Structure formats: C-alpha cells, structure tokens
Q: 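Quick one: this structure, given as structure tokens, is what I'll be asking you about.
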Amino acid sequence: MKWQSVYIDGSWVRPEGAQTLTMVAPSTGAEIGEIARGGAPEIDAAVLAARNAFEGAWGQMAAVERGRLLTRLGQAILDQEDELTELEALDTGKPLALARGDIRACARYFEFYGGAADKVHGETIPFLQGYQVMIVREARGVTGHIIPWNYPAQMFGRALGAALAVGNAAVLKPAEEACLSVLRLVELAEEVGFPPGAINVVTGLGEEAGAALSNHPDIDLLSFTGSPEVGTLVQKSAAENHVPCVLELGGKSPQIVFADADRDAAIKTSVAALVQNTGQTCSAGSRVLIERSIYDEFLAALAKQFKTLCAGSHDKDLNCGPVISKVQQERVLGFLERAKSDGIEIAAQGQIMTDEATSGGYYVPPTLYRMVPRDHELACEEVFGPVLAAIPFDDEADAVRLANGTDYGLIAGIWTESGARQMRMAKAVRAGQIYINGYGAGGGIELPFGGFKKSGHGREKGLEALKEFTVSKTVVINHG
Ligand code: NAD
C-alpha cells in the first residue's frame with residue numbers, strides 16, 4: 001500500500017527495514033492505517049533526487065511550463081475535491097465543511113503560483129558609463145519543508161506552490177499525526193506530470209526524518225511551520241549549515257474591541273476565529289481584549305453565542321471537531337485544570353456531542369474565560385485548543401500594551417469605527433497581519449503571512465513568498 005512508502009525521485013519506495021507508524025482518526029480514536037517511517041537514509045535519497053532534478057529536467061524547464069504544471073495540479077485537486085475532503089477530515093478530525101475549504105485553498109495555492117511562475121522579474125541598475133547591471137532572481141535550489149498536522153493539505157500548497165513556481169526542487173516532511181492528504185496530493189502531482197525529483201515526500205517522525213532534513217548539508221533553504229520549540233532547533237541546524245530559513249511558528253493573536261465597534265460583527269468573528277479547526281490554528285484569535293466600558297455587556301453577548309457551540313465527530317460537521325491526538329487533548333485539558341485551580345472563572349462552555357462510535361475521540365469543550373489576569377498562561381501562552389481568554393483594557397494605549405504584551409506577533413483584529421484609531425492601531429500593533437473590522441485566520445492565499453518575535457520570521461503566501469524562495473544575483477557587464 002502506497003501509504004507505507006515514501007515518494008522519492010518519482011517512485012514509491014519502502015523505507016529501510018519497512019518500518020511504519022500507525023495513523024489514528026481523532027474523531028474515534030480508531031486506527032485507520034499505517035504510514036512509512038522514513039529516516040535519514042530516505043532523506044539523503046530525497047535530497048539527492050531533488051538536487052538532480054534541480055540540475056536536470058526540472059531546473060531547465062521554462063517558467064511557463066512550470067506554471068502550467070502547477071495550474072494543472074490545482075485543477076486535479078479540484079477534480080478530486082470530495083475524496084480529498086473526506087480523507088483530510090478523517091485524518092485530522094476537522095469538520096467536513098472546513099476540510100472542504102482547506103482542499104479548495106490547496107488548489108488555489110497552485111492556481112495562484114501557477115499564474116505567478118513566469119512573472120518573477122529582475123531589475124536593472126544605472127551604474128557607471130560603459131556598464132550594464134542586472135539583478136536577476138534565481139531559484140535557491142533544493143528546498144526542505146517541514147509542515148505540521150493542523151492543515152496538511154493547505155500547508156502542502158503553501159509550501160510547495162511558491163517553492164516550485166520559481167523552480168526549486170523540494171523535499172517535504174509532513175507531520176506524523178496527519179499526512180494522508182499529502183500522500184494523495186503527491187500522487188496527483190505525479191499524474192499531472194511533475195518530473196521525478198521535483199517533489200519528494202518523506203513521512204516519518206520529527207526527531208528522525210524531520211531532524212535529518214533540517215540537518216542536511218545539501219539543502220539551500222529550510223521552511224518550517226510548527227512549534228516555536230522545534231523552530232528553534234531547525235534554526236540552529238540552518239545556522240550550522242549556513243542556509244536561510246523561513247519559520248512560521250505559533251501565536252496568541254488578539255481581537256481588540258473598542259466601545260464604538262460593531263458588536264454583533266465582532267462577536268460573530270471572535271467566535272469563528274477561535275473555534276476554526278478547534279482552536280488548532282496558529283493564527284487563532286485566542287484573546288479577546290475588550291474596552292472596559294463595554295466589557296460586561298460585550299462578554300455577556302459573547303458568552304451567549306459561545307454556549308451554542310458544539311464539538312463532535314468530523315462527519316457531524318459541527319463548530320468543532322476533536323483535537324488531533326490524545327497527547328494534545330491532555331495538553332489542552334491541562335490548561336483548563338490549571339485555570340480552575342487558579343480560580344479563573346468560566347464565562348461559557350460549549351457542548352461535546354459524542355455517541356458510542358465516537359466516545360474514544362479526543363474532544364475538548366469550547367471554553368470562554370472571563371477576567372483572565374494579564375500574566376496568566378491563558379493570556380500569554382498558545383493553548384492550541386478551543387479556549388478563549390477575555391481581558392479588559394482601559395484606553396487605546398493600554399490596548400496596544402496588552403496586544404503587544406506576549407512573546408508572539410502573528411495576526412490581530414481591531415474593531416472600531418474610528419478611522420484615525422484604525423490607522424494608529426494598525427501602526428502600533430506588532431503582528432504580521434492586521435485586520436480592521438474583520439479577521440482572516442487562514443484565508444487569503446494572496447496575502448503575505450508571517451510573524452514578529454516568537455511567531456517566526458520570513459513571509460509565506462502572496463507574491464512575497466516568491467522573494468523568500470528565490471535569491472538575487474547581481475550581474476555587472478562591462479561593455480565599454
Ligand atoms: P511541531 O513543531 O511539534 O511539529 C511540526 C513539524 O515538525 C512536524 O512535521 C514534526 O514532525 C516536525 N518535527 C518535530 N520535531 C522535529 C525535530 N526535532 N526536527 C525537525 N522536525 C521536527 O508542531 P505541531 O505540534 O505539529 O504543530 C503545532 C504548532 O505549530 C503550534 O505551536 C502552532 O502554532 C504551530 N503552527 C504554526 C503555523 C504558522 O503558520 N505560523 C501553522 C500551523 C501550526
């Protein structure tokens with residue numbers, strides 16, 4: 001079975017020793033299959049295949065042809081939307097409607113970057129008399145990508161869309177908790193005609209295949225999405241090998257609600273931005289900062305909405321699914337238990353709807369906390385579950401202090417009708433994306449995305465990503 005193989009140089013191969021890892025459906029806790037446990041030998045082979053592809057047929061392909069391949073892959077994904085949606089929902093536990101949105105977003109990455117492939121232009125510089133100077137942008141070469149479990153298909157599109165569009169050859173290590181859609185996506189890439197070695201996928205454990213990839217001396221750029229802890233390890237490896245890295249790490253993103261805000265819109269969006277993917281989104285709006293003069297009233301309305309939330313099996317298509325694993329469930333429940341012993345009051349809690357078939361799934365009740373102290377872990381640390389912390393602020397300066405008062409800076413939502421304040425807040429809040437009267441968790445392939453501080457560095461998505469995945473070369477011609 002293909003799941004038990006890794007994809008290297010256009011072939012599905014069993015890893016040395018044919019070792020496998022068991023995959024579990026988060027909705028039920030039941031085993032659903034085995035994937036290959038690749039390690040250093042497979043990563044070595046994949047990097048070599050990518051190097052050969054970059055120096056061979058793939059590297060020499062015209063930009064327009066590369067673009068066509070990407071666009072064709074986008075269409076193939078849309079053609080298989082139902083199958084991919086079911087696989088993604090089963091594997092991650094996310095509700096079917098969300099999984100469908102993810103598959104469409106994955107297709108959209110390939111459409112967007114397919115169109116961009118032949119539009120990466122260089123520049124010329126006026127220099128001394130008798131000279132012509134050109135700045136050309138070139139692919140970096142072999143790119144290594146390590147992606148997390150929360151959005152396997154979207155991450156496949158985000159990482160590979162931009163990297164391949166500009167001609168890099170890629171080695172991708174998906175997360176061991178969820179990667180079945182990735183294996184199907186790479187099959188589709190093969191079917192639409194990507195040449196051997198352009199895309200290589202090695203499944204396996206982070207500390208084995210992941211570490212082998214980030215330590216590999218023949219990688220030209222590393223892109224990593226995941227936890228800040230592992231991001232630090234990846235960055236250290238990149239430093240050892242003198243390669244650049246793009247890190248997309250976690251967040252503790254705020255919704256900042258001023259007294260003059262459209263409250264209904266702010267409440268609806270605050271709930272959606274938190275519960276999307278059961279809170280397991282790096283850009284989840286996991287703090288709601290409320291101007292003190294409307295705090296009680298706003299929180300009461302938010303709590304009313306929160307009480308209607310339900311978590312259940314992916315195929316029930318409720319507001320939340322399960323979290324990804326037993327480990328993650330225990331981690332999130334740990335936050336709830338510590339909040340209880342610290343005397344933090346629950347403002348509202350949603351329901352868990354399970355039956356006999358799903359009682360073994362990894363569910364956590366969506367929970368809204370009131371008056372969370374500013375230095376409490378619920379106000380500062382990433383829970384990565386459906387847990388929202390409500391915190392009051394006094395005035396604009398206080399809102400900025402609070403918004404910027406964590407180690408993270410990924411995205412922020414600002415709710416106010418005052419145009420001048422919108423502008424001041426957009427400038428003052430340190431986050432990679434700022435939304436005024438809205439919130440775009442996950443959305444917008446076109447929109448550059450990335451962090452400040454512990455949320456990471458470098459930008460993915462949009463045309464900005466093409467800068468990360470290319471390098472400039474200055475050519476100086478003395479024509480006399
Ligand atoms: P993780 O860091 O444990 O794992 C991410 C990936 O790194 C996986 O593929 C894993 O196998 C691999 N990995 C683990 N140990 C490794 C090692 N020693 N060397 C190399 N690779 C290794 O993170 P996770 O638990 O899978 O994902 C949750 C975290 O990811 C959260 O903190 C979340 O905020 C973050 N995240 C960020 C973004 C973003 O775009 N900023 C998106 C999704 C998730």
Side-chain angles (χ1 to χ4, degrees), residues 21 26 35 37-40 43 92 94 102 105 144-159 171-179 182 201-216 219 222-238 240 245-253 276-286 323-332 381-385 406-411 431-433 440-445 447-461 465 468:
L21 300 168
I35 57 160
R37 179 173 169 179
I43 291 291
T92 60
K94 64 180 70 193
D102 285 3
H145 307 265
I146 300 175
I147 62 171
W149 42 260
N150 54 351
Y151 290 91
Q154 278 216 52
M155 292 291 154
F156 179 91
R158 186 170 106 181
V171 179
L172 182 129
K173 207 301 275 174
E176 51 272 45
E177 293 87 351
C179 58
V182 167
V201 173
V202 178
T203 53
L205 296 174
E207 58 273 28
E208 295 177 358
L213 182 55
S214 57
N215 286 318
H216 204 287
I219 296 285
L222 279 168
S223 93
F224 171 81
T225 300
S227 61
E229 296 71 27
V230 178
T232 305
L233 296 176
V234 170
Q235 182 153 241
K236 282 184 180 160
S237 306
E240 291 288 333
C245 64
V246 177
L247 299 181
E248 301 281 7
L249 309 175
K252 192 70 191 174
S253 299
Q276 162 166 288
N277 208 32
T278 316
Q280 304 169 111
T281 306
C282 52
S283 52
S286 55
V323 294
I324 189 75
S325 62
K326 183 94 190 133
V327 172
Q328 187 69 7
Q329 183 192 35
E330 283 167 3
R331 198 180 151 270
V332 178
E381 287 181 28
E382 186 174 49
V383 177
F384 229 54
T406 73
D407 290 341
Y408 295 100
L410 195 55
I411 91 172
Q433 285 189 343
I445 303 320
L447 312 180
F449 179 76
F452 282 61
K453 303 189 277 183
K454 204 172 160 183
S455 290
H457 51 74
R459 295 290 176 265
E460 290 195 298
K461 305 176 80 166
E468 299 286 355

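All of these numbers come straight from a predicted model, not from anything done at the bench. Counting starts at 1 for both ligands and their atoms, in listed order.
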Q: Do you know which two heavy atoms are closest between V202 and A209, and how far apart they sit?
A: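 Distance-wise, the nearest heavy atoms are CG1-CB, 4.2 Å.
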
Q: For I324, is there any backbone N or O sitting under 3.5 Å from a side-chain donor or acceptor partner on Q280?
A: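 Here the side-chain-to-backbone pair exists.
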
Q: Quick test: of every protein heavy atom, which one is nearest to atom 10 (C) of ligand 1, and how far off is it to 0.1 Å?
A: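 Nearest neighbour among protein heavy atoms for atom 10 (C) of ligand 1, to 0.1 Å: E176 OE1, 3.7 Å.
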
Q: Could you tell me which atoms of ligand 1, counted from 1 in the order shown, lie closer than 4.0 angstrom to a heavy atom of G250?
A: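 In order of numbering, the contacting atoms are 34 (O).
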
Q: Could you tell me the residue and atom name of the protein heavy atom closest to atom 28 (C) of ligand 1, and the distance to it rounded to 0.1 Å?
A: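 Checked against all protein heavy atoms, atom 28 (C) of ligand 1 sits closest to F384 CE2, 3.4 Å.
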
Q: What I want to know is whether E382 and ligand 1 share at least one N or O pair that is separated by under 3.5 angstrom.
A: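 So ligand 1 has an N or O lying under 3.5 Å from an N or O of E382.
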
Q: Looking only at heavy atoms, is any part of P174 under 4.0 Å from ligand 1, and if so is it the side chain, the backbone, or both, or is it neither?
A: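 Near ligand 1, P174 shows its backbone, while the atoms from C-beta on stay back.
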
Q: From atom 39 (C) of ligand 1, work out which of A212, C282, S237 has a heavy atom at the shortest distance.
A: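 Result: the heavy atom closest to atom 39 (C) of ligand 1 is in C282.
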
Q: Backbone, side chain, both or neither: what part of K461 comes under 4.0 angstrom of ligand 1, heavy atoms only?
A: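 Neither part.
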
Q: N/O to N/O below 3.5 Å, does that happen between G226 and ligand 1?
A: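 So ligand 1 has an N or O lying under 3.5 Å from an N or O of G226.
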
Q: Would you say S455 and ligand 1 have an N/O pair spaced under 3.5 Å apart?
A: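 S455 vs ligand 1: no N/O contact under 3.5 Å.
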
Q: Nearest to atom 20 (C) of ligand 1, what protein heavy atom do you find, and at what distance?
A: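 Among all protein heavy atoms, the one nearest atom 20 (C) of ligand 1 is G210 C, 3.2 Å.
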
Q: May I ask you to list the atoms of ligand 1 that are less than 4.0 angstrom from any heavy atom of I147?
A: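 Heavy-atom distances to I147 below 4.0 Å select 6 (C), 8 (C), 9 (O).
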
Q: Would one find an N or O of P228, backbone or side chain, under 3.5 Å from an N or O of ligand 1?
A: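 The answer is no, given that P228 and ligand 1 share no N or O pair closer than 3.5 Å.
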
Q: Who gets closest to atom 18 (N) of ligand 1 by heavy atom: L233, T232, L172?
A: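 That would be L233.
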
Q: Pick from N215, T232, I219: which one makes a side-chain contact (heavy atoms from CB on, under 4.5 Å) with S237?
A: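 Going through the options one by one, the only one that passes is N215.
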
Q: Specify the protein heavy atom at minimum distance from atom 41 (N) of ligand 1: its residue, its atom name, and the distance to 0.1 Å.
A: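 For atom 41 (N) of ligand 1, the nearest protein heavy atom is L249 O, 2.4 Å.
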
Q: For atom 44 (C) of ligand 1, what's the nearest protein heavy atom and its distance?
A: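 Answer, as residue, atom name and distance: N150 ND2, 3.2 Å.
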
Q: Just need the protein heavy atom nearest to atom 14 (C) of ligand 1, so name the residue and atom and give the distance.
A: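 So the nearest neighbour among protein heavy atoms is G206 CA, 3.5 Å.
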
Q: Test of understanding: given a 4.0 Å heavy-atom threshold, classify the contact between M155 and ligand 1 as side chain, backbone, both, or neither.
A: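 Just the side chain.
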
Q: Taking distance alone, with N or O pairs closer than 3.5 Å, would you say T225 contacts ligand 1?
A: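 Min N/O separation from ligand 1 is not below 3.5 Å for T225.
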
Q: Would one find more than 12 heavy atoms of other residues, nucleotides or ligands at under 6.0 Å from atom CD of E240?
A: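 At most 12 heavy atoms, drawn from other residues, nucleotides or ligands, come within 6.0 Å of this atom.
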
Q: Any N/O of S227 closer than 3.5 Å to an N/O of ligand 1?
A: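 Yes, at least one N or O pair falls under 3.5 Å.
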
Q: I'd like to check which ligand 1 atoms, numbered from 1 as shown, lie under 4.0 Å from a non-hydrogen atom of E248.
A: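 Under 4.0 Å from E248, ligand 1 has these atoms: 37 (C), 38 (C), 39 (C), 40 (O), 41 (N).
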
Q: Report the nearest protein non-hydrogen atom to atom 24 (P) of ligand 1: residue, atom name, distance rounded to 0.1 Å.
A: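 Result for atom 24 (P) of ligand 1: W149 NE1, 3.2 Å.
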
Q: Show which atoms of ligand 1 fall inside a sub-4.0 Å distance from at least one heavy-atom site of R158.
A: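 Reading through ligand 1 atom by atom, the close ones are 40 (O).
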
Q: Among all protein heavy atoms, pick out the one at the shortest distance from atom 12 (C) of ligand 1; state its residue, atom name and that distance to 0.1 Å.
A: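 The answer is I146 CG2, 3.6 Å.
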
Q: Using a heavy-atom cut-off of under 4.0 Å, does the side chain or the backbone of Y151 touch ligand 1, or both, or neither?
A: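 None of Y151 does.
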
Q: With atoms numbered from 1 as shown, which atoms in ligand 1 lie under 4.0 angstrom from a non-hydrogen atom of P148?
A: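 Answer for ligand 1: 26 (O), 27 (O), 43 (C), 44 (C).
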
